[in-house]
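Side chains are part of it too, since the values below use all heavy atoms of this structure and drop only hydrogens, waters and symmetry mates.
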Amino acid sequence: MRKKIVAGNWKMHLNKKEAINLNEAVSNNIPQNNVEVYQFVPSVYLDMLQERSTIKIGAQNGYPEDAGAFTGEVSMLQIKNIGIQSILIGHSERRHKFGEDEQFLKEKLDAALYHQLEPFFCCGETLQDREQKNHFETVHEQLHASCFHLGAEAMRSVIIAYEPVWAIGTGETATPEQANEMHEFIRSVIAKRYDQTTADAISVIYGGSCKPENASSLFQQQHIDGGLIGGASLKSKDFLEIIQSF
Ligand code: 13P
């Protein structure tokens, strides 16, 4: 069901004490504004934070096989087993730095849904795609290749995070109009593949240099249902201000 979401992606940051402090600072000061708040944390902190957090804790990654000889990996089954409910799939850093392709992301999405983990499926174009005016086609292809095999009911449990690669960690943000235009496009291709009810039920959130100064103008847009926040999620004050700006 479509909901308002502000999710922090901590990436590979923070020591144990900092992780606890940040989780507490956010958990204890959540505004009552119907926004669902998540922290996607490094896997070493998942179990610990899951046990103590009053806000949702999500995994940044998970392997699609349940068990086996996959040294260094953590399976989605193991993640689910410790009580985690949500997972990021298709983040541009996984696509570009770890070579995760669309077929593998499709397998991950299927495994997440099989284990009833709520997937945040990330998509977004590179600067080159945008400069060549291929951004709509790129995002459509990402959705088509990894998501559109799903039935409508499964698709409705996916949250889409549009994260233009050129805006991630660069300080450069898509304008509210650019982001809204892409979110509207994403909804239109979902409506075409499925139906309007499905498209309207899916939350589409924006990520890429979202911060307190620009959050409210992004969140005011009709098709933007929230944010996936990197850098600004590492400071409780900034993250809380972003939640508050809804
Ligand atoms: P920044 O907010 O640091 O640009 O990161 C965005 C992101 O990648 C969230 O997943």
Side-chain angles (χ1 to χ4, degrees), residues 1-7 36 38 58 64 86-92 94-96 100-168 173-208 210 217-228 246:
M1 203 194 69
R2 188 154 161 189
K3 47 193 184 182
K4 295 179 186 175
I5 293 171
V6 175
E36 294 211 13
Y38 298 69
S86 308
I87 187 160
L88 298 183
I89 292 175
H91 193 281
S92 75
R94 300 295 319 171
R95 292 175 190 265
H96 299 293
E100 294 190 2
D101 63 16
E102 285 157 345
Q103 175 58 31
F104 187 52
L105 298 178
K106 182 180 175 188
E107 284 170 36
K108 286 175 119 180
L109 190 59
D110 286 341
L113 290 168
Y114 180 79
H115 292 299
Q116 293 177 314
L117 286 164
E118 173 185 53
F120 280 54
F121 183 82
C122 308
C123 55
E125 80 285 359
T126 62
L127 183 59
Q128 194 186 18
D129 291 326
R130 186 160 278 266
E131 282 173 351
Q132 293 174 352
K133 304 202 186 316
N134 285 333
H135 44 297
F136 292 119
E137 200 183 312
T138 300
V139 170
H140 189 184
E141 178 52 30
Q142 290 169 342
L143 293 169
H144 173 76
S146 304
C147 304
F148 282 180
H149 64 290
L150 297 174
E153 200 188 325
M155 189 63 193
R156 270 183 230 141
S157 56
V158 178
I159 287 155
I160 307 284
Y162 168 58
E163 299 205 306
V165 181
W166 48 271
I168 296 179
T173 325
T175 63
E177 293 73 27
Q178 280 174 323
N180 191 54
E181 180 186 46
M182 182 61 86
H183 286 219
E184 187 173 13
F185 173 76
I186 289 170
R187 229 171 234 120
S188 76
V189 293
I190 294 172
K192 217 175 197 174
R193 161 64 183 87
Y194 299 92
D195 50 68
Q196 194 61 46
T197 313
T198 303
D200 289 339
I202 293 177
S203 303
V204 185
I205 65 174
Y206 169 80
C210 183
S217 58
L218 285 160
F219 298 162
Q220 271 165 28
Q221 301 294 315
Q222 187 191 350
H223 291 281
I224 302 184
D225 302 311
L228 182 55
F246 241 126

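- Enclosure of atom NE2 in H144 is not indicated, since only 12 or fewer non-hydrogen atoms of other residues, nucleotides or ligands lie within 6.0 angstrom.
- V165 is not listed as a side-chain neighbour of D129, based on a closest heavy-atom distance of 4.5 Å or more.
- For Q220, the side chain to side chain contact (heavy atoms under 4.5 Å, CB included) test picks out S216, with sequence neighbours left out.
- In plain terms, the two heavy atoms of F246 and I5 that are nearest each other are CE1-O, 4.0 Å.
- From R2, atom CZ reaches atom NZ of K4 across 11.0 Å, with rounding to the nearest 0.5 Å.
- Scanning for side chain to side chain contact (heavy atoms under 4.5 Å, CB included) contacts around Q178 gives R130, W166, A174, T175, with sequence neighbours left out.
- Atom CD of residue Q132 and atom CD of residue E125 lie 12.0 Å apart, to the nearest 0.5 angstrom.
- For A167 against Y206, the heavy-atom pair with the smallest separation is CB-OH, 3.6 Å.
- The shortest side-chain heavy-atom distance between R94 and L88 does not fall under the 4.5 Å cut-off.
- Annotation for E137: atom CD does not count as buried by contact number, only 12 or fewer foreign heavy atoms lying within 6.0 Å.
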Between side-chain atoms of residues 109-123 and protein atoms elsewhere (two or more places apart, or another chain), which donor-acceptor pairs fall under 3.5 Å?
residue	atom	partner	partner atom	Å
D110	OD1	H149	NE2	2.7
D110	OD2	H149	NE2	3.3
H115	NE2	D66	OD1	2.8
E118	OE1	Y38	OH	2.8
E118	OE1	S86	OG	2.9
E118	OE2	K3	NZ	2.8
E118	OE2	Y38	OH	3.4

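- Between the side chain of Q142 and the backbone N or O of G124, at least one donor-acceptor pair lies under 3.5 Å.
- To the nearest 0.5 Å, atom CG of residue L218 and atom CD1 of residue I224 are 5.0 Å apart.
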Which donor-acceptor pairs under 3.5 Å do side chains of residues 181-195 form with protein atoms, sequence neighbours excluded?
residue	atom	partner	partner atom	Å
H183	ND1	V204	O	3.3
H183	ND1	H223	O	3.1
R187	NE	A199	O	3.0
R187	NH1	H223	O	3.4
R187	NH1	H223	ND1	3.1
R187	NH2	I202	O	2.6
R187	NH2	D225	OD2	2.6
S188	OG	F185	O	2.7
R193	NE	F148	O	2.9
R193	NH2	F148	O	3.0
R193	NH2	L150	O	3.3
Y194	OH	C147	O	3.4
Y194	OH	L150	O	2.8
D195	OD1	T197	N	3.1
D195	OD1	T198	N	2.7
D195	OD1	T198	OG1	2.9
D195	OD2	T198	OG1	3.3

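- D200 is linked by a side-chain hydrogen bond (donor to acceptor under 3.5 Å, both in side chains) to Q196, counting only residues two or more places apart in sequence or in another chain.
- Every residue meeting the side chain to side chain contact (heavy atoms under 4.5 Å, CB included) condition with Q103, not counting sequence neighbours, appears here in chain and number order: D101, K106, E107.
- In terms of heavy-atom proximity, G90 sits nearest to R95 at O-NE, 2.8 Å.
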